[in-house]
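Taking it in order: structure first as structure tokens, then the write-up.
The shown structure was predicted, so the numbers you read here are calculated from the model rather than taken from an experiment.
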Amino acid sequence: MEQVLTGGKQALLLVPEIGLTPQTLRRIAARFPDRSIAALHSGLAEGERAQAWLSAAAGQADIVIGTRSAILTPLPRLGAVIVDEEHDGSFKQQDGVRYSARDLAMVLGRNAGVPVLLGSATPSLESLHNALSGRYQHLRLRQRAGNARPPQIHLVPTLGQQLEEGFAPQVLRHIGETLARGEQALVFINRRGFAPALTCDDCGWLADCPHCSSKLTMHRRQRQLRCHHCDYRRSLVDSCPQCHSRSLSALGGGTERSEELLARRFADYPVIRVDRDTTASKQALDRLLAPARDGKPCLLLGTQMLAKGHHLPRVTLVVIQDADGGLFSADFRAPERTGQLLEQVAGRAGRGDLPGRVLVQSRYPEHPLLQLLLEKGYGPFARQLLRDRAVAQLPPLRAMALVRAECEEPRWAEEFLETARTQMQALAPPSPQLSYLGPVPALLERKSGRFRFYVQITAEKRGQLQPLLARLCQWAEGNRNRRLRWAVDMDAQELS
């Protein structure tokens, strides 16, 4: 950035989350106190955002820092594009105009003739593949910043253990010892709310969302049951609506349930919960993390909002409550995301002069991918996933697109996609270089009252897909069923 600014150019820095922009702004402003900086993200008021956009487009802002949509800002003096945490799924727009800000950054850099820097401790398999194949220059940071050393990582098997609200006894003991030394601990749980399901012990009733293929999450403090997909809400019930039994059980745990336990067990220390429920207001995340940045002994508890970008040098212990979730998903990208998330969370430990330790709870500590990640690190783990993808003929070794359709009447969506597949096969018959799958239901088949299906097309080269999909879009534009929505998703990141 300094080199670009010295040459009279603008620098564009993309970050994945709104929550990371305040601390990034502080760092950049401290490093370049005499430069004009503009921030662009959806957390700004409309007037603020318009002023920042106009400043960037007029060339008045030397540095533009923003989330996904900032890549669309015109910058007349553009000198470099930097994508921080380039692996993050937040860079992909999942509805409306489906685009990847990371991939658009590469196109922008090529068209403008400026360098693009993709930064990540856990690069996406797409970017890693491009680096290993020589398409990208591969620069490696082989040591942590300052005097920080890599944290020690320990697996904590939980099968057969008597857990307290999901925590193994030795984990709670280590948290207490860390706080007693005047240090900070971070507990990672990737589920918000009190419990992910509510059930009746007598008849087996489960609280389902009436609009989605999902369970309602229990939020005990607000006495609500919520769907985290469509935001449907209802009051928390005291008896089973099916058999009227009052014997109800909350299954599993979330941040709210863990917060109650930790606040009770460690009453002398503040417990700071960071999830979507506690950071809804503007600047809430910055205020919540203020005690941790001041270095006071405290216990941080949260979802993936805590996993990336935060520099808290007094955090010496990180606890990952459940490491197994993504290892058994039907989505082929789930192991990659799990590895990235675990590595990012572990990276919060020992970032200052004090050594760090990471405790990883698992019911399946012998899982080969988990063993590889924790023993060898993300690099060998990601290379093994690339080998697996090559065998399965999946991205990034092959190009993939999804043709999606959703409708309140599932038959109409399936019929639309069956016809779409017939149209595509007439133009490009199946072959070893081009294959079709579907229509099949999305992993979350029903969302917001609409049934969702897709056809998956994979090809040896992207050039085989692009003209095919262009012709398909021309045909699909003639769809006269206004109750049916369709979309073409190139390089789809989710099967849900």
Side-chain angles (χ1 to χ4, degrees), residues 1-88 90-91 93 99-109 111-121 139 141 145-146 279 281-290 292-294 305-306 308-313 351:
M1 290 177 78
E2 182 177 26
Q3 182 179 342
V4 166
L5 296 172
T6 302
K9 301 287 188 179
Q10 293 172 291
L12 172 61
L13 171 61
L14 297 181
V15 295
E17 297 279 356
I18 292 173
L20 298 180
T21 47
Q23 66 170 25
T24 305
L25 280 167
R26 283 195 298 268
R27 291 180 191 172
I28 299 298
R31 180 65 178 79
F32 301 106
D34 300 326
R35 298 290 183 173
S36 171
I37 302 172
L40 284 166
H41 57 79
S42 59
L44 298 172
E46 287 189 12
E48 291 178 292
R49 196 173 184 184
Q51 186 58 47
W53 191 93
L54 290 169
S55 174
Q60 296 166 354
D62 299 311
I63 303 168
V64 178
I65 301 172
T67 49
R68 180 175 60 221
S69 61
I71 192 64
L72 305 174
T73 308
L75 299 169
R77 298 187 289 114
L78 183 64
V81 182
I82 302 159
V83 185
D84 190 26
E85 309 288 8
E86 64 84 25
H87 67 277
D88 199 283
S90 301
F91 285 123
Q93 173 80 23
Y99 69 93
S100 164
R102 179 198 65 201
D103 295 348
L104 276 184
M106 303 305 297
V107 175
L108 177 61
N111 291 348
V114 302
V116 179
L117 178 65
L118 307 180
S120 176
L139 305 174
L141 297 177
T279 59
S281 62
K282 188 176 179 182
Q283 304 296 330
L285 180 60
D286 226 26
R287 289 194 300 270
L288 279 173
L289 293 179
R293 292 200 181 101
D294 291 341
M305 296 179 71
L306 272 180
K308 48 202 170 191
H310 302 292
H311 178 64
L312 303 168
R351 296 174 68 87

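- Under the side chain to side chain contact (heavy atoms under 4.5 Å, CB included) criterion, L5 pairs with F32, R35, D62, I63, not counting sequence neighbours.
- Taking all atoms of both residues into account, the shortest heavy-atom contact from V64 to A61 is CG2-CB, 4.3 Å.
- Here the CG atom belonging to L104 is positioned 12.0 Å from the CZ atom belonging to F91, to the nearest 0.5 angstrom.
- Checked against side chain to side chain contact (heavy atoms under 4.5 Å, CB included), Q3 has no partners two or more places apart in sequence or in another chain.
- Test V81, L75, V114 against Q10 for side-chain contact (heavy atoms from CB on, under 4.5 Å) and you get one pass: L75.
- Applying the side-chain hydrogen bond (donor to acceptor under 3.5 Å, both in side chains) test to S90 and every residue at least two apart in sequence or in another chain returns E17, D88.
- Note: L117 CG to L14 CG = 11.5 Å, rounded to the nearest 0.5 Å.
- In this structure, OG1 in T24 is found 6.5 Å from CG in L13, a value given to the nearest 0.5 Å.
- Contacts of P33 classified as side chain to side chain contact (heavy atoms under 4.5 Å, CB included), with partners at least two apart in sequence or in another chain: none.
- How far CZ of R102 is from CG of D84: 13.5 Å, rounded to the nearest 0.5 Å.
- Applying the salt bridge (Lys or Arg N to Asp or Glu O under 4.0 Å) rule to R68 yields no partners; only residues at least two apart in sequence or on another chain are considered.
- Among all heavy-atom pairs drawn from A39 and A52, the shortest one is O-CB, 3.3 Å.
- Considering CG of L12 and CE of M1, their distance stands at 9.0 Å, rounded to 0.5 Å.
- Here the closest non-hydrogen pair linking P16 and E85 is CG-CB, 3.9 Å.
- Among residues two or more places apart in sequence or in another chain, the side-chain hydrogen bond (donor to acceptor under 3.5 Å, both in side chains) test is passed with Q51 by none.
- Listed by chain and residue number, R49 satisfy the side-chain hydrogen bond (donor to acceptor under 3.5 Å, both in side chains) test with S69 (two or more places apart in sequence, or in another chain).
- Annotation for L40 and A70: closest pair CB-CB, 4.2 Å, computed over non-hydrogen atoms.
- Legend: residues meeting side chain to side chain contact (heavy atoms under 4.5 Å, CB included) with T6, ordered by chain and number and at least two apart, are E2.
- When every heavy atom of A105 is checked against every heavy atom of V83, the shortest pair comes out as CB-CG2, 3.9 Å.
- Closest non-hydrogen pair, A58 versus P76, comes out as C-CG, 4.1 Å.
- For R26, the side-chain hydrogen bond (donor to acceptor under 3.5 Å, both in side chains) partners at least two apart in sequence or on another chain are D286.
- Rounding to the nearest 0.5 Å places CG of D103 at 10.0 Å from CD1 of I71.
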